[in-house]
Amino acid sequence: MDSKIKKVLEQLLSLGLVNSCKDRSSVSLVCKDWYEAERLSRRHVFIGNCYSVSPEIVTRRFPNIRSVTLKGRPRFSDFNLVPPNWGGDVQPWLEVFASECPLLEELRLKRMTVTDERLELLAVSFPEFKALSLLSCDGFSTDGLEAIATHCKNLIELDIQENDIDDKSGDWLSCFPETFTSLEILNFASLNSNVDFDALERLVSRCKSFKVLKVNKSVTLEQLQSLLTHAPQLLELGTGSFLQELTASQHSQLERAFSNCKNLHTLSGLWEATALYLPVLYPACANLTFLNLSYATLQSWDLAKLVAHCPLLRRLWVLDTVEDKGLEAVGSNCPLLEELRVFPSAPDGDDIIDGVTESGFVALSYGCRRLCYVLYFCWQMTNAAIATVAQNCPDITHFRLCIMNPRQPDYLTKEPMDEAFGAVVKTCSKLQRLSVSGLLTDLTFEYIGKHAQNLEYLSIAFAGESDWGMQCVLDGCPKLKKLEIRDCPFGDVALLSGLEKYEFMRSVWMSACNVTMNACHSLASERPRLNVEVMKDDGNDENQADKVYVYRSVAGPRRDAPPFVLTF
């Protein structure tokens, strides 16, 4: 390639005109010169499994990266299905980055083990470090956050979400130097301890470019009003507790503070919110596109009044306490809605309320025809209802239905729920992610394999009849990347039916199925580029593979597997 053309290509790639990892990967396959130009200009790397590649391989190929997104434990660790101390330690990655990528600016970790010592290493190793996001990580405490606050002089983002953290105190906020003014994003909503509010208020007041602020439930309404006065320019706000006695004057000041937030498009938090103070939010609702009420046990009438002020809403997360009437109100007031997540208020079945049913789901689908992402927890459902939702919302790309009682049939006809998911995969041609539940026969998986041509992510629990069901999925679904299965009758034949597909997928998880150790040995020997891991449960049959995790890797078997993880 002509040197001038090569230089132009490098400049175009460096300017970010080709951003997606998929597109850049395609660019690198054109020829050696394009490969070289792409690898030297790559600034961001996404790694969906920290064991699929080694940090040495990553930095050798992409020596100029500034941003890394790294995921560790399988998703089922969120449901306590992955044993503690399974792995996913960030240490080897940080050590290599510190040596080979000193200009690293951004690190986003999910389901990784991150100790205070690792956070201190991070804080002192990268002088230009700007953004840290920790989601569902463990192993660290607020002492580690103190190190980040003390040493990261150019920090723009600190996002701490849903982590298993030793929450010692809120004093870490006082570790930001008084000269520090660069912070734009701060999220500590999932921490429990009382914060040093004076330090928080000073931080917010001197960082004039604040865009996102999500505080924990220790922050009172009166304190929230003070923060909003300092940062009316916020785009995203996560409030603290909404349960507090306010005087008439305090109520008026809080309402005025919200009315001055003209640019607010995301609102969350609202712990223990009551109807008494929800009206203070109304002036800030006109431009909201995302409303996260997953910590607010609102009743249907509370939600109805709130969404009546949210005509531009596109994303809504709620608890099932809103019941069907609440969802009907959403359908009547939010025609632009694209994402709905309904979480259970009593996931263990204790103190069950009426919750949401097929009625509210169907009613919402008539008013929200743009719906494309659904996560719906409920206690009853029908085939006809799901078919209606699919017909009303054919652009659905993510459909995750969880009927809380395993193997629950259509509660009206007592038939399996096969036709419900058959309707989804037949009607919603753009479907990328599917989670199935209820009483399902192999017919469901025949429908999925035949019709889900764009499906990338499939999660199955308490379903199926025989190996044939899984074989249907693996023989079809040409774009499948991740397959998660638990408590299903699938066995060795099902596992080995994916030999031709697994090397093109990211991972397969099977737990509490009928897979044997012999089948895992066979899979590993037939496909040596796959890592096959088995986690044994105490007291079970020696030849039973209790939990199986299969993933492709260019780094070979991992070297940090604990004794209870058998690698092939």
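FYI, the numbering just counts along the sequence from 1. Just so we're clear, the structure is a prediction, and the values are computed from it rather than from any experiment.
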Exercise for review: With side-chain hydrogen bond (donor to acceptor under 3.5 Å, both in side chains) as the test, would you mind laying out the steps for Asn154 and Ser182 before giving the verdict?
Suggested key: CA-CA 6 Å; Asn154 300 302; Ser182 61; 5.8 Å; no
Check your understanding: What pair of heavy atoms forms the shortest contact from Ala189 to Asn187, and how long is it?
Key -> N-OD1, 3.0 Å
Check your understanding: Under 4.0 Å between a Lys/Arg side-chain N and an Asp/Glu carboxylate O for Arg314 and Glu339?
Key -> no
Check your understanding: Does a side-chain N-to-carboxylate-O contact under 4.0 Å join Asp159 and Lys214?
Key -> no
Check your understanding: Looking at Glu56 and Arg60, does any basic side-chain N land under 4.0 Å from a carboxylate oxygen?
Key -> no
Identify all side-chain donor-acceptor contacts of residues 268-280 below 3.5 Å with residues at least two apart in sequence or on another chain.
residue	atom	partner	partner atom	Å
Glu272	OE1	Ser241	OG	3.3
Tyr277	OH	Gln244	O	2.8
Tyr277	OH	Leu246	N	2.9

Check your understanding: Charged N to carboxylate O under 4.0 angstrom, Glu533 versus Arg558?
Key -> yes
Point to revise | Set of residues satisfying salt bridge (Lys or Arg N to Asp or Glu O under 4.0 Å) with respect to Asp196, sequence neighbours excluded | key: none
Check your understanding: Is a salt bridge present between Asp138 and Arg111, judged by a nitrogen-to-oxygen distance below 4.0 Å?
Key -> no
Review point. Judged by modelled atom types alone, do Arg118 and Thr115 share a side-chain donor-acceptor pair under 3.5 Å?
Key: yes
Exercise for review: State whether Lys211 and Glu236 are salt-bridged, where the test is any N-O pair (Lys NZ or Arg NE/NH1/NH2 against Asp/Glu carboxylate O) under 4.0 Å.
Suggested key: no
Practice item. Please determine, by modelled atom types, if Thr59 and Glu100 share a side-chain donor-acceptor pair under 3.5 angstrom. Key: no
Practice item. Give a yes or no on whether a salt bridge exists between Arg66 and Glu128, defined as a side-chain N under 4.0 angstrom from a carboxylate O. Key: no
Exercise for review: Just say parallel, tilted or perpendicular for the rings of Tyr376 and Phe361, cut-offs at 30° and 60°.
Suggested key: parallel
Exercise for review: Give the intermediate values and the outcome of side-chain hydrogen bond (donor to acceptor under 3.5 Å, both in side chains) for residues Glu146 and Thr150.
Suggested key: CA-CA 6 Å; Glu146 288 186 10; Thr150 300; over 6 Å; no
Review point. By side chain to side chain contact (heavy atoms under 4.5 Å, CB included), which residues pair with Pro344, not counting sequence neighbours?
Key: Asp320, Pro347, Phe377, Met404
Review point. Is any side-chain N of the basic residue among Lys130 and Glu184 closer than 4.0 Å to the acidic one's carboxylate O?
Key: no
